[in-house]
Amino acid sequence: MVTLALTPARLRPRDVLRVGGAGLRTRPLRVFLSALGIAIGIAAMIAVVGISASSREDLNRQLAALGTNLLTVGPGQSLFGDDSHLPTEAEDMIGRIAPVTDVSATGRVPGTHVYRNDKIPAGQSGGIAVLAARTDLPAAVGATMSAGVFLNDATAAYPAVVLGAKSAERLGVTAPGEQVWLAGERLREPPGVQSGGQWFTVVGLLAPVPLAPELDTAAVVGWPVATTRLHFDGYATTVYTRSDERYVADVQAVLAATANPEAPNEVDVSRPSDALAAKQATDATLNGLLLGLGAVALLVGGVGVANTMVISVLERRAEIGLRRSLGATRGQIRTQFLAESLLLSLLGGAGGVVLGVLVTGAYAAYQDWPTVVPAWVSLGGAGATLVIGGLAGLYPAIRAARLSPTSALAGP
């Protein structure tokens, strides 16, 4: 007599999803309320993180406007107290520092003043300084134009000038195209000019520059024209550098030796902005807050999943007993309830992500903030929901699998 051993049928992944989904479809209202609870927890986490990140981004932009990553380099004095100057190669050498992103410079043109016309007495210059500037200066100092354009490679070689905000106000210049008179005892006069000065055409007006207020009271001319016509010596008096915020202190430490390797003690370097320290402290505080709030929200969601699955096991003892009587193994019962728990968590997590992003976007728009929802919180929220949902459903699944067919069919 031959005895055939019976082996239980195996559940394929598709069967697991179908069986797990069947438990959800038979109780739509409870599933909806349970998923809603999970969704609210995840949405709360994403909204808190997103709103805080949006607020932090707005704060960071305000702090960036204060020059958190801007350092300036200028000539100091020698050991004997004499004024020194930066090497002509200083800008190029500073630009080779890896974390440095922008480098530009200005050079003061001594002995030259700006007047509204050639009839103004020499002593009434209005305290407007004349600065030679590189054409990439606006990018380095965050300057914008209120009218016209800044100097470019073409206009920098000709008598063209850009006025700072206060300079334009003092000179009464309201629009590009007007002319101002540059004169001084050191002015190198072109042929035919005998009056000790010459006209420069205003091509642009600067808006106030918070990071470089010295530009507000200056008249900016091109480096080439300053050298050929204004007797400029070609040495930069201020080099502006921007660098990666993470390495501002490191860049500051090497700026002097880089700008003037032969005499680093004759170089003045500004210290990092206090706003940078405030920004870093704010980021660290908010990061800790976000992690704490996110953990609490996920814990709430996990408790909701566990509660739902425990009640589901208690209500479905007859179903479990019937399936066990028909040959379902304990492993298959565990898999069924675990799959149901994961599907419920996934449904609530996906809804929570969408809801959290919408809430964040609406609040950020109301506050006029940039909308920032970090990718890690969306993906992490959905992933953590599955993990917590799996852990929360594990005990009810094990409990369901341990029920014997007779006791399950007998009822509570």
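The figures that follow rest on heavy atoms only: side chains count, while hydrogens, waters and symmetry mates do not.
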Exercise for review: Would you check, one step at a time, whether the test ring-ring contact (aromatic ring centres under 6.0 Å, His included) holds for Tyr363 with Trp369?
Suggested key: CA-CA 8 Å; Tyr363 190 80; Trp369 294 342; 5.8 Å; yes
Point to revise | Check against side chain to side chain contact (heavy atoms under 4.5 Å, CB included), Val203 and Val161 | key: CA-CA 6 Å; Val203 296; Val161 63; over 6 Å; no
Which atom pair, heavy atoms only, marks the closest approach of [X] to [Y]?
| X | Y | result |
| --- | --- | --- |
| Val373 | Val357 | CG1-CG2, 4.1 Å |
| Ala256 | Pro264 | CB-O, 3.6 Å |
| Ser54 | Val372 | OG-N, 2.9 Å |

Heavy-atom side-chain proximity of [X] to [Y] below 4.5 angstrom:
| X | Y | value |
| --- | --- | --- |
| Leu255 | Val251 | yes |
| Phe150 | Met145 | yes |
| Val114 | Trp181 | no |
| Trp199 | Val180 | no |
| Thr72 | Thr241 | no |

Review point. Got a sec, which pairs hit salt bridge (charged side-chain N to carboxylate O under 4.0 Å, His left out) with one end in residues 160-179, sequence neighbours left out?
Key: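 Sorted pair list: Arg116-Glu178.
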Review point. Does anything in residues 360-373 pair up under salt bridge (charged side-chain N to carboxylate O under 4.0 Å, His left out), and if so which pairs, sequence neighbours excluded?
Key: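 Listed by first then second residue: nothing to list.
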Exercise for review: Step through it carefully: locate the ring centre of Phe232, locate the ring centre of Trp223, and say whether they are under 6.0 Å apart.
Suggested key: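 For Phe232 and Trp223, the ring centres are under 6.0 Å apart.
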Check your understanding: Which pairs, with at least one residue in residues 126-143 and sequence neighbours excluded, count as a side chain to side chain donor-acceptor pair (under 3.5 Å)?
Key -> Glu91-Arg134, Ser104-Asp136
Check your understanding: Does any pair with a residue in residues 152-165 pass side chain to side chain donor-acceptor pair (under 3.5 Å), and if so which ones, sequence neighbours excluded?
Key ->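 For residues 152-165: Asn152-Thr155.
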Point to revise | Set of side-chain contact (heavy atoms from CB on, under 4.5 Å) partners for Leu205, sequence neighbours left out | key: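 Leu205: side-chain contact (heavy atoms from CB on, under 4.5 Å) contacts with Ser146, Ala147, Leu163, Ala168, Val173, Val202.
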Point to revise | Check: Ile94 main-chain N/O paired with Thr258 side-chain donor or acceptor under 3.5 Å | key: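 A pair under 3.5 Å: no.
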Check your understanding: Can you tell me if Asp244 uses its side chain to pair, donor with acceptor, with the backbone of Thr101 under 3.5 Å?
Key -> no
Exercise for review: Using side chain to side chain donor-acceptor pair (under 3.5 Å) as the criterion, list what pairs up with Thr217, not counting sequence neighbours.
Suggested key: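 Thr217 satisfies side chain to side chain donor-acceptor pair (under 3.5 Å) with no residue once adjacent residues are dropped.
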